[in-house]
Amino acid sequence: MSDIFFLVLRRLRAPLILLVSVYAVATFVMTLIPGVDEDGNVWYMSFFHAFYFVSFMGTTIGFGEIPYAFSDAQRAWVLVCIYISVSAWLYAIGSMLNLLQNQAFRQALSRKAFERSINRIDLPFYLICGYGETGALINEGLAELGLQTIIIDYNPDRTSSIEI
Amino acid sequence: MNFEKVVFAFFIILALSLNFGFFVGDLSDPTHHHFYELFAALVVSLICTLLKFGDRTHFGSTVLASSLVADLQLIAAAVVWWYSADSGISGVDSASMASIVSLSGGALVANLLSVVLLIIETSQIRK
């Protein structure tokens, strides 16, 4: 478990740092840019509203301009943020998908699945290392006696040729 | 010189100093503490945590744990700030300010611990 967990965390490090930085900068600047409400008063976004806005903007949900319609300066910054945050998300999702196709990650996953299937066996079994001629003969003999065996071999072609 | 170590040391010390900057001042006086500082401390602390993601060394996991503690406390402080600022009539009062600053003080201890761990780790390296 821990192998897979650490691999995922390690891979997610760079995209998550990028996402946190993008969100932080976007939120911070949103609170600095003055807006104008319906009565013509200048207002500044609170951090809570800015974070709320950036969150739904970054994921392109788009609930609109809250709590008042934005000023041009705010819209200009939002425009910048949209492109940056969408790119950051694409990068994060891309590296996640990349990880799923990664050889080491897949090996860790299949190793874990193998360990789990062996742990589930509650009867005594024989372990055969190497599925060559001798290994195959021993396996056949043991199978005739009704005994369980587990076969390990370096060559995946050999083990995949076993009839179960 | 190890570039990765420079980056990590930079962020962890920045987290400590930002948090300290927020923390100093009268505990319950809202004029002594600015939200921008808390925000910066929180973001830098989050980045510190992320930098230690997937680090399998003993040092890495201990620092990850201590910076997670700092994140938790700072997030709690930010939530208290949001709650008291948006629900109160006249902004943040001194009672909630005191709890915000004491939460950040807790995070400060965790940050300090991370820096101490960093110093110990560095001093163990022999040329």
Side-chain angles (χ1 to χ4, degrees), chain A residues 1-34 43-55 58 66-68 81 84-85 88-89 91-93 95-96 98-100 102 104-105 108-109 112, chain B residues 3-5 7-8 10-12 14-15 18 22 30 33-61 63-65 67-68 70-71 74-92 96 100:
Chain A
M1 184 62 219
S2 64
D3 274 356
I4 302 166
F5 187 61
F6 279 112
L7 263 172
V8 172
L9 285 187
R10 185 174 273 278
R11 276 305 182 96
L12 284 180
R13 194 189 285 174
L16 283 180
I17 289 173
L18 182 72
L19 272 179
V20 167
S21 322
V22 165
Y23 270 58
V25 172
T27 308
F28 174 65
V29 177
M30 275 314 281
T31 64
L32 292 181
I33 299 175
W43 64 283
Y44 289 91
M45 228 180 211
S46 74
F47 259 99
F48 174 63
H49 274 133
F51 184 60
Y52 175 60
F53 178 78
V54 169
S55 298
I66 50 100
Y68 311 108
C81 288
I84 296 173
S85 60
W89 272 112
Y91 172 55
I93 293 167
S95 39
M96 203 58 217
N98 205 351
L99 175 68
L100 289 180
N102 183 295
F105 181 70
L109 272 185
K112 192 68 220 168
Chain B
F3 184 66
E4 208 178 314
K5 287 227 167 87
V7 171
F8 180 67
F10 168 75
F11 273 107
I12 207 154
L14 187 65
L18 280 170
F22 176 75
H33 309 281
H34 202 283
F35 189 81
Y36 282 135
E37 255 174 317
L38 181 63
F39 179 71
L42 174 58
V43 170
V44 173
S45 177
L46 279 175
I47 290 175
C48 269
T49 309
L50 292 172
L51 279 173
K52 280 290 139 196
F53 255 31
D55 191 329
R56 308 189 68 166
T57 61
H58 201 75
F59 162 74
S61 22
V63 172
L64 179 65
S67 71
L68 272 174
D71 291 346
L74 289 174
I75 289 171
V79 168
V80 172
W81 192 306
W82 160 70
Y83 184 74
S84 56
D86 278 22
S87 62
I89 304 124
S90 56
V92 183
S96 31
I100 291 162

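For clarity, every value in this text was computed on a predicted model and none was experimentally measured. Residue numbers begin at 1 in each chain, while the letters A, B, ... track the order of the sequences.
Within residues 34-42 of chain B, the residues having any heavy atom less than 4.5 Å from a heavy atom of chain A are, in residue-number order, F35(B), Y36(B), F39(B).
Taking S61(B) as the reference, nothing meets the side chain to side chain contact (heavy atoms under 4.5 Å, CB included) condition, with sequence neighbours excluded. Qualifying salt bridge (Lys or Arg N to Asp or Glu O under 4.0 Å) partners for D55(B), counting only residues two or more places apart in sequence or in other chains: K52(B).
I17(A) and L50(B) make their closest contact through CG1-CB, 3.4 Å (heavy atoms, listed as atom of the first residue, atom of the second, distance). When all heavy atoms of G54(B) and L9(A) are compared, the closest pair comes out as N-CB, 3.6 Å.
Residue pairs meeting the side chain to side chain donor-acceptor pair (under 3.5 Å) criterion with at least one member in residues 8-29 of chain A, sequence neighbours excluded, are Y23(A)-W89(A).
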